[in-house]
Amino acid sequence: MSNRNINEIAVLSSPDVELSRTFPTGFLWGAATASYQIEGAVNEDGRGVSIWDTFAATPGKILNGENGDVTIDHYHRMLADLDILSEIGLAAYRFSLAWPRILPNGSGTVNEKGLDFYDRMVDALLAKGIRPFATLYHWDLPQALQDAGGWTNRETSYRFADYAEVVARRLGDRVQDWMTLNEPWCAAYLGYGNGVHAPGIKDRQAAVNAAHHLLLGHGLAVARIRESTPATSRVGIVLNFTPAYPADDRPETIRDTAFADMFSNRWFLEPVTRGNYPAGFFEAMQLTPPLIAEGDMEIISTPIDFMGVNNYTRNVVAGSPTPVLADEVRTVNVPGAIYTEMDWEVNPQSLTDLLVRLYAEYGVQNLYVTENGSAFADQWDGGAHIHDAQRVEYLRDYLAAVSDALKRGAPLRGYFVWSLMDNYEWERGYSKRFGVVYVDYPTQRRIIKDSGRWYQSFLAEYSQEPVQ
Ligand code: FCB
């Protein structure tokens, strides 16, 4: 307890203490962040332009026109931010690397200063005994590659594999845990389909083509990372899942729920785990399948060492009387349920079911929850505390759901809360706070919220020797 101010640690109730004891020894506890959301310093040390810089500078795309130019200034505060991980008592940290820092034009000349930043981060983490989980792509594509078509261009898959190798060669002697892509569903559909994310293209056919190239890039990168790192390294992908539940038992509801599941979950899951797009998917989207070259699906389904699961909520589907496209099913809110500031339902049970399904139905062997968390409208009164009772409750209930999945046999190895600190929430700018650490944006002051203190005391309990 030496480094901890005992007065600041939330006092766990005995059910929380019991919950902490249900997790096996060696279960990995962490927090997650992403480069564009926290780093800022967009013009420093040779960083190139990313599609998010361009998108955020385009009028009308982001709430209040906000951008990631400064965000929470992590690029300059990295070491102090990592101290917070130690203070909370976390064993692992999931971060992403900004491709345009490392290859400012997407390919070609390597910017050593960009690599140096992550090199220092990894050394600092290891010095603290914190295991780095490195994500290579969390949506900040170099603009130069977008200018050549971005993910709709098959060449981008190969450039991604080259970039992965550059990073793996530099950090592979110290980083063991690699994730290729974060949520390629979002990169493809929000980026190219409905245009809500960078690069802001609204073309559903482009989205399914981009999806294929993202998946191909993933598969190519898995091999390149393995070739460039020691045999002990482990490579996975992070997918986002929104389980779909029927609101009633009408036949059209059952049909549309299956569509929602195919669109939100199976579109990326099945190529990776089975080497096929879900049967009927392109028909359900009324789109042409992407151009699939010979061998692509084998590359995409290269066995991975683990799967990262991002989950925040579920969808409840109410069938439409006339047939709809798979990406247009109607979802409804559940009377009496709790919704976060994102208007996402709090439904921990659906995470349990999802984890069990990934194991039982898809045979996924090593699972990590790589993101899970909640946005609530935190209020700071200028003092030393942020009372975010709803986030404490969300965290506790979702950890109980994770524990239930373990009891039901899901091979779950760790959990990362989204996010360590409040940050830039994409098209919603700074309006949504997900951190277990509050950031006062004008002063950049960091304050551990009650949820962070709760996590801290939960982890302190978890680390105790089992009571005989
Ligand atoms: C996920 C993203 C992450 C964050 C959370 C709230 O989809 O991976 O960057 O924005 O949602």
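Remember, it's 1-based here, ligands and their atoms both numbered in the order they're listed. Since the structure is predicted, the reported quantities are computational estimates derived from the model, not experimental observations.
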Item checked: Partner residues of Asp81 under the salt bridge (charged side-chain N to carboxylate O under 4.0 Å, His left out) criterion, sequence neighbours left out -> Arg446
Checklist line | Partners passing salt bridge (charged side-chain N to carboxylate O under 4.0 Å, His left out) against Glu371 (at least two apart in sequence or in another chain) | finding: Arg94
Notebook entry, point to check: Is there a side-chain contact between Ser233 and Val175 (heavy atoms, below 4.5 Å)?
Noted result: no
Check: List by chain and number: which residues place a heavy atom under 4.0 Å from ligand 1?
Finding: Gln37, His138, Trp139, Asn182, Glu183, Tyr312, Glu371, Trp418, Glu425, Trp426, Phe434
Next item on the list: Mind telling me whether Tyr368 and Phe306 have parallel, tilted or perpendicular rings, with 30° and 60° as the class edges?
Entry: perpendicular
Next item on the list: Would you list the pairs meeting salt bridge (charged side-chain N to carboxylate O under 4.0 Å, His left out) in which at least one residue belongs to residues 339-348, sequence neighbours left out?
Entry: Arg314-Glu345
Note to self: Within a 6.0 Å radius of atom NZ on Lys113, are there more than 12 heavy atoms belonging to other residues, nucleotides or ligands?
What the structure shows: no
